[in-house]
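All ligand and atom numbering here is 1-based and tracks the order in the structure. Positions are given from 1, in the same order as the sequence printed here.
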Amino acid sequence: MTSSSNPTSTTPPKTLIPQEKLQARITEIAHQIERDYAHCDQLSCIGVLKGSVFFMVDLLKQIDLPLVVDFFQTSSYGGKKVPGEVRILKDIDLSVRDRDVLLIEDIVDTGHTLQTVLSLLRFRGARSVKLCALLDKTSQREVDIPIHYLGFPIDNVFVVGYGLDYDERYRNLPYIGAIE
Ligand code: 5GP
C-alpha cells in the first residue's frame with residue numbers, strides 16, 4: 001500500500017464498483033485500444049506492479065493485437081508522495097526505443113508515480129506513450145497526467161480489491177471496495 005490517504009481501520013470493504021460494472025468497462029476499453037492500435041506492428045504493454053496486474057490481465061486477454069508485456073515496480077521514499085522521490089524497484093526488461101507503449105496503472109492519485117515512469121519511457125526513446133488507468137482520484141492530482149483510457153473517476157476514498165491492497169490484503173477481491 002502506498003497512498004497519501006491511508007485508512008485508519010480495517011472495516012470490511014464496502015462495494016464501490018461491482019464486478020459486472022468493472023468487467024463491462026474493461027471490455028469497452030479493450031475494444032477502444034484495439035481500434036486505436038489497429039495498425040501497430042507491436043504494442044508494448046507495461047504494467048506497474050503490483051496493483052495493475054488483475055486489471056492488466058483482464059484487459060489484455062480481450063485485445064487481439066500483437067503485443068508484448070513487461071512491468072515496472074515503484075515505491076515512494078517513506079511512503080510519501082513527494083515530487084522526485086519515486087523509486088524504481090523493478091525496471092522493465094524490454095527496450096522501448098521506437099516502440100508504441102501503453103502504460104497500465106491501477107490508480108492515479110497525486111500523479112507523481114506516473115510522472116516519473118512516463119518521463120523515463122520518453123527518455124528511453126519510446127515512439128509514443130499512452131496511459132491506461134483503471135481509477136482516477138482527480139481531486140488529489142498534484143501533477144498533470146493525461147489519461148488516454150480511463151476506467152472510472154472516483155472520489156478521494158481509500159480503495160482496495162481487484163489488485164489494490166491495504167497492507168498487502170484484499171488484492172484478490174473481484175470488485176473495487178472502499179475502506180474507511
Ligand atoms: P500517485 O503517485 O499517483 O500519488 O500514487 C499512485 C499509487 O498510489 C498507486 O499505484 C497505488 O499504489 C497507490 N494508491 C493511491 N490511492 C490508493 C488507494 O485508494 N488504494 C490503494 N490500495 N492504493 C492507492
Side-chain angles (χ1 to χ4, degrees), residues 1-19 21-22 25-26 29 44-60 69-92 101-123 129-180:
M1 179 201 71
T2 48
S3 173
S4 52
S5 53
N6 292 333
T8 51
S9 76
T10 53
T11 328
K14 154 180 111 191
T15 305
L16 190 70
I17 307 172
Q19 187 174 2
K21 204 170 160 189
L22 213 47
R25 181 70 190 124
I26 291 168
I29 297 174
S44 298
C45 300
I46 299 180
V48 185
L49 293 171
K50 304 176 192 172
S52 70
V53 170
F54 288 62
F55 172 43
M56 189 163 171
V57 167
D58 284 349
L59 180 76
L60 297 190
V69 171
D70 208 344
F71 295 96
F72 277 113
Q73 186 164 11
T74 62
S75 160
S76 303
Y77 289 105
K80 295 235 169 70
K81 298 289 174 187
V82 178
E85 297 226 340
V86 175
R87 288 184 294 161
I88 304 290
L89 300 184
K90 186 223 171 286
D91 202 344
I92 48 174
V101 174
L102 182 65
L103 184 62
I104 301 171
E105 175 65 304
D106 50 2
I107 183 166
V108 189
D109 189 8
T110 63
H112 292 304
T113 303
L114 286 176
Q115 189 183 47
T116 303
V117 172
L118 288 167
S119 311
L120 191 55
L121 291 167
R122 292 197 186 103
F123 175 76
V129 185
K130 283 191 183 179
L131 173 62
C132 176
L134 181 63
L135 305 172
D136 180 13
K137 281 188 190 172
T138 324
S139 65
Q140 297 304 102
R141 195 74 87 260
E142 292 175 12
V143 285
D144 187 29
I145 297 290
I147 304 178
H148 302 91
Y149 306 99
L150 174 66
F152 303 90
I154 60 165
D155 293 335
N156 185 27
V157 288
F158 193 86
V159 287
V160 294
Y162 202 60
L164 288 151
D165 74 311
Y166 170 52
D167 206 11
E168 294 299 328
R169 289 175 61 203
Y170 303 122
R171 290 194 197 275
N172 58 329
L173 292 179
Y175 62 91
I176 298 289
I179 43 181
E180 286 149 28

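- Taking any N or O of Asp165, backbone or side chain, at least one lies under 3.5 Å from an N or O belonging to ligand 1.
- Contacts between Glu105 and ligand 1, counted as non-hydrogen atom pairs separated by less than 4.0 Å, involve the side chain only.
- In summary, the atoms of ligand 1 found under 4.0 Å from a heavy atom of Thr113, numbered by their order in the structure, are 1 (P), 2 (O), 5 (O), 6 (C).
- Residue Val160 places no heavy atom under 4.0 Å from ligand 1.
- At under 3.5 Å, a nitrogen or oxygen of Gly111, whether backbone or side chain, sits near a nitrogen or oxygen of ligand 1.
- When each atom of ligand 1 is checked for a heavy atom of Leu164 under 4.0 Å away, the hits are 21 (C), 22 (N), 23 (N).
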- Item | Tyr149/Ile104 under side chain to side chain contact (heavy atoms under 4.5 Å, CB included): CA gap, chis, key distance, verdict | CA-CA 9 Å; Tyr149 306 99; Ile104 301 171; over 6 Å; no
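- At under 3.5 Å, a nitrogen or oxygen of Val159, whether backbone or side chain, sits near a nitrogen or oxygen of ligand 1.
- Lys137 places a side-chain N or O within 3.5 Å of a backbone atom of Val157 that can act as its donor or acceptor partner.
- Residue Ile46 is tested with Ile92, Val129, Val117 for a side chain to side chain contact (heavy atoms under 4.5 Å, CB included); the sole match is Ile92.
- Atoms CE and CG, on Met56 and Leu102 in that order, are 8.0 Å from each other to the nearest 0.5 Å.
- Counting only heavy atoms from C-beta outward, the side chains of Asp106 and Phe55 never approach each other to under 4.5 Å.
- Side-chain atoms of Arg141 come within 3.5 Å of backbone N or O of Asp109 as a donor-acceptor pair.
- Close approach of ligand 1 to Asp106 is summarised as follows: ligand atoms under 4.0 Å from at least one heavy atom of the residue are 9 (C), 10 (O).
- For ligand 1, the atoms lying closer than 4.0 Å to a non-hydrogen atom of Lys137 are 16 (N), 17 (C), 18 (C), 19 (O).
- Taking every heavy atom of Val157 and a limit of under 4.0 angstrom, the matching atoms of ligand 1 come to 19 (O).
- When each of Leu134, Thr113, Val48, Ile154 is paired with Ile107, the side chain to side chain contact (heavy atoms under 4.5 Å, CB included) condition holds for Ile154 and for no other.
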